[in-house]
Structure formats: C-alpha cells, structure tokens
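The next block holds one structure in the form of structure tokens; read it before the comments.
These numbers come from the heavy atoms of this one structure, side chains and all, not from hydrogens, waters or symmetry mates.
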Amino acid sequence: MSVLLESSSTSATMRRNFWAGVWRVMKRKPSRMVGVVLILGFVFMGVFGPMFYPAQLDRDPNAITRPPSWEHWLGTDDQGRDVIALVVTGSRYVLLAALVTAVITVVVGAGIGLFSGFKRGRWDNVLMRLTDMKLTIPGLPLLLVLSTVWKFSSAVQMGLVLGLLSWGGVARAVRSQTLSLRERGFIEAARGLGLSTTHIVSKELLPSMAPYIAMNMLIAVTGGVYAQVGLFFLGVLPYESNNWGQMLNTAVFRSGALTVPSALGFLIGPLLAILLLTLAIVLVVDAMDEIFNPRLREE
C-alpha cells in the first residue's frame, strides 16, 4: 500500500514539475502564448464558426465587390457576400482536411519509421524501398487524375488522399530517430527481457518519440493547408465546397483582386487566415521544441 502511495505521489510530482516547466517556457516568450491562443481560436472557428451563419450566405446584388467598411470589415465578394463570413464558413473544410492529412501522415509515417528502424534487416529494406517508391510518386499529376473520379466535396476525402501522399518524409525522419534510440540502454534491456516487438515499439519507443511526432503532426497540418489551398487556387479541383483556396481563385481570376482595389479585401481575407494559422503553428512548435529538448531548456 505504501509503495502504491509513494508511486502515486511521485507521478503527481512529475506532472506538476512538467506543467511548471511548460509554464516557464511559455512565459519566457509571450509570443508562444499568442500562438496557443491563435490555434485555439482557429479550432473554435472551424468547429463552431459556421453555426453562426446560414448554410447559404446571403447574397446582396447591391454590394458586389465592395471595399472594407464598418458593415463589412474585409469587404464583399463578387456575389455581395461578406468576406469574413466566407473565411469563417470556409475554415471548417480547410482545417478538417488538414487535420485528417496530418493524422494519416503521422500514423502511417511514424508506424513505418518506428517498425523499420527497430527491426532493421529484411523488414527495414522492404519498408524503406516502399517509402522510396512513395517519395518518387508525383503528387500533383496523381491528384489531377483522381480529380476526374472524385469531386473532393468532402474534407475527409481530401485529407485522406493528401495524407496517403505525404507520409514518406515522416517515415524517413522517424526511422532515423529510431535507429539512434534502439541502441540505448532501456531498449537493450527490454530486448534482453524478451519483450515482444509490439510492446517495445508501443511502450518504449513511441513514448520517447511522442514529442518529435507531435511536432511533425503540427507541421503536417500546415502542409495539408498549403496543398489543398494550392490545388483549389490553381483550379485543379472543382468548386464543390466553400474553402480558402476556392476564395483565392475567385478573388484573383474572377474578381481581379490584383488589379481592382475594391476587391482586395476578398484576396486578403483567406491569405490573412493562412498566415495567422502558420504563425500560430510555428510559435507552438518553437515552444514544444524547448519543452522537450533538455539542451534548449538548460540554455
């Protein structure tokens, strides 16, 4: 009983020390707190934002491509709809697709990298050749072909395809980290005890790699946003949904936002959202790097 109480007390102390360390890291650079707040704001916008607007935004033929005003802070689009409302309602598709992309990228990439790096030998050769083949597949031509079959009206569909095209780099990076960890004493001890590969990978290696994988997941979110917005902006995919890439395409190629000053807000709206999201992720990744990197903490 006393052992259990002592173990519980030790765990509670470790949790308090961890969160105290997190708080010190965040206070050291207040901009990191801004990053956390921005990410929470984007999550709120993606989950709850569209609920504040009707499914079909009101179109005002008397307010087509208006410049910013008190009524419309970023102006209106070429159908008289408020740009901020379009950014908010279009955020759900973009953020959900980016999240699905990041999850698939990290799960597949980290799984292959961990298993390949730990097993080495024949498994390593097979999985790394598979990864190399994946890295040589050109994503854009493949998406062009897939767009003739799928309309990508679902954010999950979009995230699924982008995730399956993006895991190669993560697999390579995680394998490299795993190769260094597999020679450490605790892994040698686990192998000496005869523990199974599944146990060692999931219980010993994965927790040690969790911060690195979490940072890769945040970076994969930005990659997912750039990829889908770029595809919609180039007009590769049909307009089956409202999203930031479709807004950029319409602003530039239909409303002439690059030459018509009154349409500039239509272009700035989605660009500002992408910029703030990227900035938030960079700030949070910077904080995570210091939290989980002992050398940076000592500095």
Side-chain angles (χ1 to χ4, degrees), residues 30-31 33-99 151-156 158-159 221-222 224-284:
S31 58
M33 292 294 294
V34 174
V36 173
V37 171
L38 283 174
I39 284 185
L40 292 176
F42 275 104
V43 171
F44 182 86
M45 182 167 70
V47 175
F48 301 105
M51 298 179 186
F52 294 99
Y53 297 96
Q56 296 294 329
L57 294 176
D58 296 332
R59 302 178 180 183
D60 186 356
N62 298 317
I64 292 176
T65 318
R66 289 287 178 83
S69 62
W70 282 112
E71 186 179 2
H72 305 288
W73 289 5
L74 286 177
T76 60
D77 71 345
D78 58 350
Q79 298 182 47
R81 297 175 297 184
D82 184 74
V83 170
I84 292 180
L86 287 169
V87 171
V88 173
T89 55
S91 66
R92 178 174 289 177
Y93 183 100
V94 175
L95 297 177
L96 179 58
L99 179 63
K151 300 302 181 185
F152 292 104
S153 56
S154 162
V156 176
M158 170 63 77
V221 169
T222 59
V225 170
Y226 295 155
Q228 60 178 304
V229 168
L231 289 169
F232 278 107
F233 172 71
L234 293 173
V236 173
L237 303 176
Y239 297 160
E240 294 289 334
S241 62
N242 174 32
N243 61 71
W244 298 343
Q246 179 263 328
M247 287 181 67
L248 289 172
N249 180 289
T250 307
V252 172
F253 299 113
R254 201 166 72 190
S255 300
L258 295 178
T259 55
V260 180
S262 61
L264 196 57
F266 191 20
L267 179 65
I268 290 176
L271 285 179
L272 188 62
I274 296 169
L275 176 66
L276 289 176
L277 177 62
T278 305
L279 176 65
I281 289 176
V282 168
L283 292 173
V284 172

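- Minimum interatomic distance between Ala85 and Tyr53 (heavy atoms only, all atoms of both residues): CB-CE2, 3.4 Å.
- Every residue two or more places apart in sequence or in another chain was checked for a side chain to side chain donor-acceptor pair (under 3.5 Å) with Ser91, and none qualifies.
- Minimum interatomic distance between Gln79 and Ile64 (heavy atoms only, all atoms of both residues): C-CG1, 4.3 Å.
- Residues Leu38 and Leu277 fail the side-chain proximity criterion, which asks for heavy atoms closer than 4.5 Å.
- Separating the CD1 atom in Ile39 from the CG atom in Leu276 is a distance of 11.5 Å, to the nearest 0.5 Å.
- Across all non-hydrogen atoms, the minimal contact from Val87 to Pro270 is CG2-N, 3.9 Å.
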Go through the steps to decide whether Asp77 and Leu86 satisfy the test side-chain contact (heavy atoms from CB on, under 4.5 Å), and finish with yes or no. CA-CA 9 Å; Asp77 71 345; Leu86 287 169; 3.6 Å; yes
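- To the nearest 0.5 Å, atom OG1 of residue Thr89 and atom CD1 of residue Ile84 are 11.5 Å apart.
- Summarising the geometry of Arg66 relative to Thr76, their closest heavy-atom pair is N-OG1, 2.7 Å, with the distance given to 0.1 Å.
- The heavy-atom pair separating Ala263 from Thr65 by the smallest distance is CB-CG2, 3.2 Å.
- Across all their heavy atoms, Leu267 and Ala257 have their closest contact at CB-CB, 3.8 Å.
- Aromatic ring centres of Phe233 and Tyr226: separated by at least 6.0 Å.
- The aromatic rings of Phe44 and Phe52 are tilted relative to each other, their planes meeting at an angle between 30° and 60°.
- Between the side chain of Arg92 and the main chain of Val47, a donor-acceptor pair closer than 3.5 Å is present.
- The line from OH of Tyr93 to CD of Gln228 is 6.5 Å long, rounded to the nearest 0.5 Å.
- Taking 4.5 Å as the limit, some side-chain heavy atom of Asp78 sits within range of a side-chain heavy atom of Thr250.
- Looking at heavy atoms from C-beta onward, Met247 lies in side-chain contact with Asn242 at the 4.5 angstrom threshold.
- Screening Thr222, Val94, Leu248 against Ile274 for a side-chain contact (heavy atoms from CB on, under 4.5 Å) leaves a single residue, Leu248.
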